[in-house]
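Order of appearance sets the numbers: ligands from 1, and atoms from 1 within every ligand.
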Amino acid sequence: MRDEIYPFVVKPLPYEYDALTPVLDATTLMFHHDKHYKTYVDNLNSVLADHPQLQKMSLKELLTNTENLPAAARTPIINNGGGVFNHELYFDAMKCPVGQEPSGELLKALERDFGSVIQWKEKMKQAAVSKFGSGWAWLLTDENGILTIQQTANQDVPDLTVYTPIFLVDVWEHAYYLQYQNRRPEYVDGWFQLINWKKAARRYEEVIARKQ
Ligand code: MN
């Protein structure tokens, strides 16, 4: 899904606006997707419109070669390209079918790398709640299937030459403020219920399959 090139398009939500209630209400989700995420797409296209030599690069290529980008384009691409990359995975990784839990190789890896699913959840929540200001908390895997939790600031992405994201939680206030105001921990608790573990397992298994 991230091999597209300029002009980037706004991807529709893979579910209805009210599909994540009561954790995320339709208004919160609509503003987040139709306004915030769309703005990143529009701004990224607008930067790339002035730089034809970058128009054949995928989003991942743009975000992993930032030191080689023209100086005038570098910061806008980090901010808006990251905004596109991060939001597309955030929306795609939510909507848990009822009763879904971690399973298979991903479950084994969570238990191996964090002790238990409960301990993983505590660390993930801590990363999300403690991120100062705007940013994200991620569950990542390296090419050997070792899981790690990271925080990034603003719309920064992790080192995508080293890590493949499994999923992430948006802790910018725009992700939750309409519904939760300042209660970020409550939003994060709800977000855990939205994790689409089936899709997460597929992302993880794709990475470990490459090593076999
Ligand atoms: Mn956001």
Side-chain angles (χ1 to χ4, degrees), residues 1-2 4 7-48 58-60 62-64 66 75-96 124-140 149-160 163-196 199-200 203:
M1 85 188 235
R2 277 175 287 278
E4 299 134 40
F8 292 92
V9 296
V10 173
K11 294 208 176 46
L13 281 176
Y15 35 75
E16 301 298 320
Y17 290 118
D18 63 359
L20 306 182
T21 54
V23 174
L24 291 173
D25 63 32
T27 307
T28 299
L29 201 57
M30 191 192 68
F31 271 92
H32 200 178
H33 178 275
D34 294 10
K35 307 291 182 189
H36 291 280
Y37 159 56
K38 180 179 185 296
T39 300
Y40 292 115
V41 175
D42 292 345
N43 288 346
L44 176 62
N45 285 332
S46 143
V47 179
L48 293 173
S58 71
L59 194 46
K60 187 174 167 183
L62 290 166
L63 294 172
T64 52
T66 53
T75 300
I77 286 175
I78 290 171
N79 289 342
N80 294 292
V84 174
F85 184 90
N86 298 348
H87 283 94
E88 288 183 356
L89 181 57
Y90 171 72
F91 293 127
D92 191 56
M94 292 194 290
K95 177 98 174 87
C96 181
M124 189 81 197
K125 182 175 176 180
Q126 175 65 17
V129 169
S130 70
K131 177 75 203 78
F132 184 78
S134 297
W136 300 80
W138 303 72
L139 180 68
L140 307 169
I149 293 168
Q150 276 188 17
Q151 298 174 324
T152 58
N154 303 312
Q155 295 298 355
D156 292 354
V157 295
D159 184 347
L160 300 175
Y163 297 109
T164 299
I166 305 298
F167 49 66
L168 73 174
V169 56
D170 191 343
V171 294
W172 282 60
E173 284 185 344
H174 72 224
Y176 61 88
Y177 206 85
L178 283 176
Q179 192 177 345
Y180 293 91
Q181 294 79 45
N182 62 327
R183 303 189 307 280
R184 188 193 286 187
E186 201 178 311
Y187 154 71
V188 173
D189 281 338
W191 169 80
F192 280 103
Q193 302 165 34
L194 300 179
I195 297 168
N196 188 319
K199 283 185 176 176
R203 284 189 203 98

Look at the side chain of Q179 and the backbone N and O of V23, then say whether any donor-acceptor pair between them is shorter than 3.5 Å.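 Such a contact is found between Q179 side chain and V23 backbone.
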So, Q150 versus W136: side-chain donor-acceptor pair below 3.5 Å or not?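 Their side chains do not contain a donor-acceptor pair, so the 3.5 Å distance test is not met.
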When you compare the side chains of D25 and T28, does any donor N or O come within less than 3.5 Å of an acceptor on the partner? yes
Under the criterion ring pair (Phe, Tyr, Trp, His ring centres under 6.0 Å), which of F91, Y40, Y15 is the partner of H33? F91
Only pairs at least two apart or in different chains count here, so list each salt bridge (Lys or Arg N to Asp or Glu O under 4.0 Å) that has a residue in residues 35-45.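 Non-adjacent pairs meeting salt bridge (Lys or Arg N to Asp or Glu O under 4.0 Å): K38-D42.
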Give a yes or no on this: more than 12 heavy atoms of other residues, nucleotides or ligands lie within 6.0 Å of atom CZ of F31. no
Can you list the protein N, O or S atoms less than 2.8 Å from the Mn ion (ligand 1)? H32 NE2, H87 NE2, D170 OD2, H174 NE2
